[in-house]
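Just below is one structure, and these are the notes that go with it.
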Amino acid sequence: PLSARIELTSVTREDLDSLRARIADPALYRQNNLTYQGTLSRARVALELAESPNTFFSTVQIGITLVGVLAAVFSGATLTEKLAGPLKEVAWLAAYADKVAFALVVTALTYFTLVIGELVPKRLGLGNPEGIACALAGPMRWLSNLASPLVSLLSWSTDTLLKVFRIKPAPDAGISFARIEKMSCP
């Protein structure tokens, strides 16, 4: 879920041209790829998510926030306690052991959250946007359905704030079979 933000929005003109060329001969494509219908289905789900940015971004933020909060609550306190013990045995650190342990744990959690939760998924998404989008579309839809009350609240809140600031959302391009076929997941 963390990387899907980039993957669904980073399809370039070259990517679309490449996909068009790949599906120019559907019979050949079907012959070479036995999962053609499943591919179209995943592409359709990915495009539906992309067509509903409030739902999509709310779902992503719920996932990111949930992971961050759980990591902080469960790992932070436990790791800080475990790290403070050995630090208290160092005479010149004993008085500051809890604070130093807390700072080290926060730094480590921040580092791993940035690398594993943000940078690596974005790099993967930039390298294969269609594949990642199609692979994550199903789980994203499932998470969105699971968290639908919260997703609805966040979507409503976003729409309300945009209206307050008089910001108009981008016009809806709609989903067509041609767009689904152009995206055609690997």
Checklist line | Check: N145 main-chain N/O paired with S148 side-chain donor or acceptor under 3.5 Å | finding: yes

To the nearest 0.5 Å, atom CH2 of W156 lies from atom CG of L153 at 7.5 Å

Practice item. Using atom types as modelled and distance alone, determine if a side-chain donor or acceptor of T110 lies under 3.5 Å from a backbone N or O of V106. Key: yes

For this session: Treating Ile, Leu, Val, Met, Phe, Trp and Tyr as nodes and any side-chain heavy-atom pair under 4.5 angstrom as an edge, say whether L70 and L109 lie in one connected cluster.
Result: no

Item to complete: Indicate if V69 and L66 have the same hydrophobic cluster label, given that clusters are the connected sets of ILVMFWY residues with side-chain heavy-atom separations under 4.5 angstrom.
Response: yes

Open item on the list: Count I, L, V, M, F, W, Y as connected when their side-chain heavy atoms are under 4.5 Å apart, and connections chain through other members. Are L79 and V115 then in the same cluster?
Closed with: no

Notebook entry, point to check: Any side-chain heavy-atom pair from L162 and K168 closer than 4.5 angstrom?
Noted result: no

message = Any non-hydrogen side-chain atom of Q61 less than 4.5 Å from a side-chain atom of I64?
response = yes

Min side-chain heavy-atom separation R141-T59 under 4.5 Å: no

When every non-hydrogen atom of A84 is compared with those of A101, the smallest separation belongs to N-CB, 3.7 Å

Can you find a heavy atom in the side chain of T80 that is under 4.5 Å from one in the side chain of D98?
no

Here the gap from L154 atom CG to D159 atom CG, rounded to the nearest 0.5 Å, amounts to 11.0 Å

Rounding to 0.5 Å, atoms CE (M140) and OG1 (T55) come to a distance of 10.0 Å

Shortest non-hydrogen pair, A103 vs T107, comes out as O-OG1, 2.8 Å

Exercise. Cluster question for you: counting only ILVMFWY and a side-chain heavy-atom cut-off of under 4.5 Å, with indirect links fine, are L161 and I167 together?
Worked result: yes

d(L87 CG, W92 CH2) to nearest 0.5 Å is 9.0 Å

Look at the side-chain heavy atoms of Ile, Leu, Val, Met, Phe, Trp and Tyr, link any pair under 4.5 Å apart, and say whether V67 and V151 land in one connected group. no

dist K88:NZ -> L83:CG (nearest 0.5 Å) comes out at 11.0 Å

To the nearest 0.5 Å, atom CD1 of I62 lies from atom CZ of F57 at 13.5 Å

